[in-house]
4 protein chains.
Amino acid sequence: MIDATAELIAGGGADDATIMEITATAGLATGTFYNHFKDRAEIIAETAINIMEQISASINSAGLAEEDIVVRLAAGTRRFLDITYDHPTWAWAVLRAIDYLPSLRPRVYQYIGSTVRIGHEIGEFSDEDDFTLHIISSMLFAAARSRLSGQSGPETGARVAEMQLRVLGVDPARAHEAANRPVADVELAWNATPAVKGARLQEEDGRK
Amino acid sequence: MIDATAELIAGGGADDATIMEITATAGLATGTFYNHFKDRAEIIAETAINIMEQISASINSAGLAEEDIVVRLAAGTRRFLDITYDHPTWAWAVLRAIDYLPSLRPRVYQYIGSTVRIGHEIGEFSDEDDFTLHIISSMLFAAARSRLSGQSGPETGARVAEMQLRVLGVDPARAHEAANRPVADVELAWNATPAVKGARLQEEDGRK
Amino acid sequence: MIDATAELIAGGGADDATIMEITATAGLATGTFYNHFKDRAEIIAETAINIMEQISASINSAGLAEEDIVVRLAAGTRRFLDITYDHPTWAWAVLRAIDYLPSLRPRVYQYIGSTVRIGHEIGEFSDEDDFTLHIISSMLFAAARSRLSGQSGPETGARVAEMQLRVLGVDPARAHEAANRPVADVELAWNATPAVKGARLQEEDGRK
Amino acid sequence: MIDATAELIAGGGADDATIMEITATAGLATGTFYNHFKDRAEIIAETAINIMEQISASINSAGLAEEDIVVRLAAGTRRFLDITYDHPTWAWAVLRAIDYLPSLRPRVYQYIGSTVRIGHEIGEFSDEDDFTLHIISSMLFAAARSRLSGQSGPETGARVAEMQLRVLGVDPARAHEAANRPVADVELAWNATPAVKGARLQEEDGRK
DNA sequence: AATGAATGAGAGTTCATTCAT
DNA sequence: CATGAATGAACTCTCATTCAT
């Protein structure tokens with residue numbers, strides 16, 4: 001059902017991910033939904049978070065640990081955009097789930113946060129507060145949206161990575177170099193089984 | 001009805017801006033809606049665009065013409081955030097309308113574009129392409145969201161302005177100085193009468 | 001407005017002949033309708049009757065007076081079908097108006113009655129009661145419907161005329177000959193001005 | 001719900017067979033309708049066809065097989081009119097459903113077709129093409145309407161049967177004799193369970 | 001766990017009709 | 001006579017949710 005939900009959200013926004021549609025797409029009866037999820041918000045949140053989890057794991061599994069933190073951030077950003085482009089369904093599902101459930105934003109943005117935090121500790125990045133993280137993440141998702149909708153091309157990853165580094169106070173020349181260094185491809189190993197269960201949501205969303 | 005719509009969207013997202021609610025809030029009968037708008041998407045789009053039009057007009061009316069373009073961009077950003085904070089209803093209405101109608105994004109982002117374009121012509125900004133504009137605008141709206149939801153404080157305007165300038169290739173020191181220069185307050189003169197009529201929407205939104 | 005109504009009914013049935021559609025098609029404001037008609041049933045009835053009036057007048061104006069009554073009936077039927085085919089809009093309008101307003105049936109069927117009555121007085125037709133008239137007329141309209149929807153061809157007029165004559169007890173051979181005698185074309189002179197005003201309807205229709 | 005629909009259509013035309021009325025009459029909630037039918041047109045079509053199916057079965061079950069085909073047609077027509085008169089609700093439902101959904105006409109008319117076709121094969125009837133069938137059926141339904149609305153009496157069946165035979169080229173004397181021969185009563189065994197499911201409709205009806 | 005008919009609130013939409021201008 | 005915004009009842013349709021099987 002998570003897969004069905006992702007497909008539906010990707011196709012036409014979270015409004016289309018009706019409980020009836022989800023179950024129908026998953027080949028189940030309507031009532032079965034309630035044996036697994038509390039309501040629509042829950043499955044939508046879970047879907048988005050699962051996807052992000054897998055993307056994040058894929059990126060991190062690609063052995064970036066040893067690298068310079070500046071290069072690491074850029075590589076993460078670029079891989080994120082590559083994966084996003086290779087799996088538009090999941091990427092759109094996340095983007096649209098965020099639009100639908102505002103409270104998902106911090107949950108989804110956090111995956112990008114750790115690298116920045118490390119970079120700041122090392123002294124490479126000028127900031128690491130929540131606001132900076134929020135802006136950096138917004139840039140990443142804005143870039144993904146642009147790429148997915150065909151408004152920007154394969155250079156998107158390098159460009160936004162460079163911009164992020166500039167925002168983080170990295171010297172422009174170094175930012176440019178780091179953002180354009182070749183990056184190895186990453187494969188996204190999709191794991192159909194939900195990794196996260198019972199995603200908690202803020203009350204204020206007010207959706208049904 | 002535009003005002004009613006703005007209030008409702010601000011309150012709980014575009015999903016709450018039901019035609020029945022809109023007309024009830026405006027003190028009209030349900031059917032009256034259709035004497036003025038085709039459907040919900042139309043009034044939501046019109047509402048968002050009207051608000052942006054007024055904010056934009058207010059910012060530009062504040063005599064920024066004579067200034068250095070770098071200062072001008074920073075001042076525009078900061079004034080946008082000030083207005084946004086002073087009129088949370090309208091600001092939220094725009095933010096949530098965008099979440100609801102993806103096709104609104106380019107329409108709403110364009111208001112920020114002109115300054116960047118001028119700056120690039122003068123040679124102060126490194127880029128002015130659509131992608132850069134998209135990122136710069138995303139940062140602005142992400143900052144507004146952060147400020148409105150109380151996650152960041154009065155310094156938000158200056159901080160995001162500085163970040164934008166860095167992204168645009170302005171020297172960090174100059175960026176810092178320009179972003180922190182005092183800015184005169186602007187008053188938003190709200191004009192109840194819609195300035196834009198029959199806002200056109202992309203087909204693909206697929207909302208009702 | 002009568003013309004507009006005819007068009008709309010012909011296009012999609014009387015349900016589509018909304019007061020708003022009628023006035024819009026006629027280039028008038030909605031409210032203007034009520035300066036001319038009491039309600040929808042009235043204009044629909046008037047439309048159908050006007051059309052029948054004109055068709056009937058055209059047929060009769062074609063100098064059938066002198067002929068043999070058997071030939072006259074056949075010629076009337078064939079001319080009716082010719083006119084019907086040449087002016088599908090008006091023909092469909094009548095057919096669909098009947099479907100919509102059952103009480104219109106006797107009003108519309110009466111136009112065919114006079115010839116049969118005369119024929120019976122002369123002694124050529126076996127019956128002339130209301131039931132026979134009803135059946136004869138039904139056959140005519142069924143044939144018109146068949147011809148208009150393309151289910152039967154140019155021979156329709158002669159065939160149904162022959163059938164009608166048989167029903168009326170005319171000798172089969174004579175019926176065949178009379179029904180297949182050449183008929184002069186008739187031109188339908190359309191008269192935009194309504195010939196009938198304030199068509200009265202049975203109460204039982206129960207439409208709005 | 002089929003029964004409720006028949007009642008409502010019979011009472012005031014298909015326009016009165018509102019989904020709300022149908023479900024209310026059937027003692028169900030409005031939404032339940034959509035668990036069984038796609039829309040109004042579907043249930044109306046299904047209702048009409050079910051009724052015709054049962055009438056047709058009743059007529060044919062009455063052991064007409066052995067008879068002379070001329071007598072058989074006449075008996076079928078007369079039994080149809082008898083049943084029609086004994087069950088005005090179902091008869092009106094069919095008549096009015098046809099008025100509402102034009103595309104139903106061929107579906108409903110076909111039930112009368114088989115006898116005519118057989119008669120033609122044997123050489124008793126002059127024609128058996130679609131047009132003839134259409135006219136013969138129209139006569140039957142026109143007679144039913146006349147009888148149901150009280151404009152003609154118990155002789156209706158015999159009279160229209162005789163007319164049909166004349167149209168089919170049967171010798172007038174023989175037609176008269178066959179049409180007036182005594183006919184055994186038939187009982188209509190109503191079968192509440194729909195015999196037909198998912199009645200397909202032409203697109204062009206344009207009703208909702 | 002799975003099912004799927006039943007529910008009923010609520011949304012969108014249409015339209016006849018009124019009425020002040 | 002013409003206008004057209006306003007009205008509000010009526011209707012179609014969707015969906016989250018329940019529940020007996």
Side-chain angles (χ1 to χ4, degrees), chain A residues 1 8 12 14-24 26-44 206-208, chain B residues 1 8 14-24 26-44 207-208, chain C residues 1 8 12 14-24 26-44 207-208, chain D residues 1 8 14-24 26-44 206-208:
Chain A
M1 292 182 49
L8 288 165
D15 277 341
D16 284 14
T18 292
I19 290 177
M20 295 176 92
E21 280 288 336
I22 291 170
T23 48
L28 296 170
T30 318
T32 308
F33 179 87
Y34 296 93
N35 292 330
H36 303 276
F37 301 96
K38 200 177 98 272
D39 55 17
R40 243 171 94 206
E42 186 173 290
I43 198 177
I44 289 174
R207 309 277 184 144
K208 306 166 209 158
Chain B
M1 290 182 55
L8 289 164
D15 277 342
D16 284 14
T18 291
I19 290 173
M20 295 176 88
E21 281 289 335
I22 291 171
T23 48
L28 295 171
T30 320
T32 307
F33 178 88
Y34 296 92
N35 290 334
H36 303 279
F37 302 96
K38 200 177 100 275
D39 55 17
R40 243 171 94 208
E42 185 174 293
I43 198 177
I44 288 174
R207 310 274 185 144
K208 305 168 211 154
Chain C
M1 290 182 52
L8 288 165
D15 277 341
D16 284 14
T18 293
I19 290 178
M20 294 177 93
E21 280 288 336
I22 292 170
T23 48
L28 294 171
T30 319
T32 310
F33 178 88
Y34 296 92
N35 293 332
H36 302 277
F37 302 95
K38 198 177 100 273
D39 54 19
R40 241 171 97 204
E42 186 173 290
I43 198 176
I44 289 174
R207 310 275 186 143
K208 304 166 212 157
Chain D
M1 291 184 53
L8 288 165
D15 278 341
D16 284 15
T18 290
I19 290 173
M20 293 177 89
E21 283 288 336
I22 291 171
T23 48
L28 295 170
T30 319
T32 308
F33 178 89
Y34 296 92
N35 290 334
H36 303 277
F37 302 95
K38 203 179 95 274
D39 55 17
R40 243 171 92 208
E42 186 173 291
I43 198 177
I44 288 174
R207 309 275 184 143
K208 303 168 208 154

task: Would you mind telling me which of E:dA11, F:dA16, F:dT14 lies closest to the side-chain atoms of D:Y34?
output: F:dT14

- prompt: Between the two ends of the helix from E:dA2-F:dT21 to E:dT21-F:dA2, what is the bend in degrees, rounded to 10 degrees, where each end axis spans five pairs?
  reply: 0°

query: Rounded to whole angstrom units, what separation is found between the CD1 atom of D:I43 and the C1' atom of F:dC13?
result: 15 Å

message: Using OP1 and OP2 only, check whether a side-chain N or O of B:R40 sits under 4.0 Å from E:dA11.
response: no

task: Round to the nearest Å and state the distance from A:M1 atom CE to F:dA16 atom C1'.
output: 13 Å

task: Taking the side chain as every heavy atom from C-beta outward, state whether B:I19 and B:F37 have any pair of such atoms under 4.5 Å apart.
output: no

query: Looking only at heavy atoms, what is the nearest atom pair of B:A14 and B:R40, with distance?
result: O-NH2, 3.0 Å

field: Interatomic distance, B:I19 CD1 vs E:dG12 P [rounded to whole Å]
entry: 4 Å

query: Whole-Å distance between E:dA16 C1' and C:K38 NZ?
result: 13 Å

task: Calculate, to the nearest 0.5 Å, the distance between atoms CE and OG1 belonging to D:M20 and D:T30 respectively.
output: 5.0 Å

query: Over how many whole Å does the gap from B:E42 atom CD to E:dT13 atom C1' extend?
result: 15 Å

query: Please give, in whole Å, the distance from E:dA2 C1' to A:F37 CZ?
result: 15 Å

Value in whole Å for how far the P atom of E:dG10 lies from CD1 of B:I22: 17 Å

query: Base, backbone or nothing for each nucleotide of nucleotides 2-9 of chain F, written B, S, -, heavy atoms under 4.0 angstrom, 5' to 3'?
result: BBBSBBB-

query: What are the two closest non-hydrogen atoms of C:I22 and C:I43, and how far apart are they?
result: CD1-CG2, 4.0 Å

Interatomic distance where CG belongs to A:D15 and C1' belongs to F:dA16 [whole Å]: 14 Å

query: Which heavy-atom pair separates A:H36 from A:E42 by the least distance, and what is that distance?
result: O-OE2, 4.0 Å

query: What closest approach, in Å, do C:T23 and C:F33 show between heavy atoms, and which atom pair accounts for it?
result: CG2-CB, 3.8 Å

message: Let me spell it out: for each of D:E21 and A:E21, pick the nucleotide of DNA chain F with the closest heavy atom. Which residue's pick is nearer the 5' end?
response: D:E21

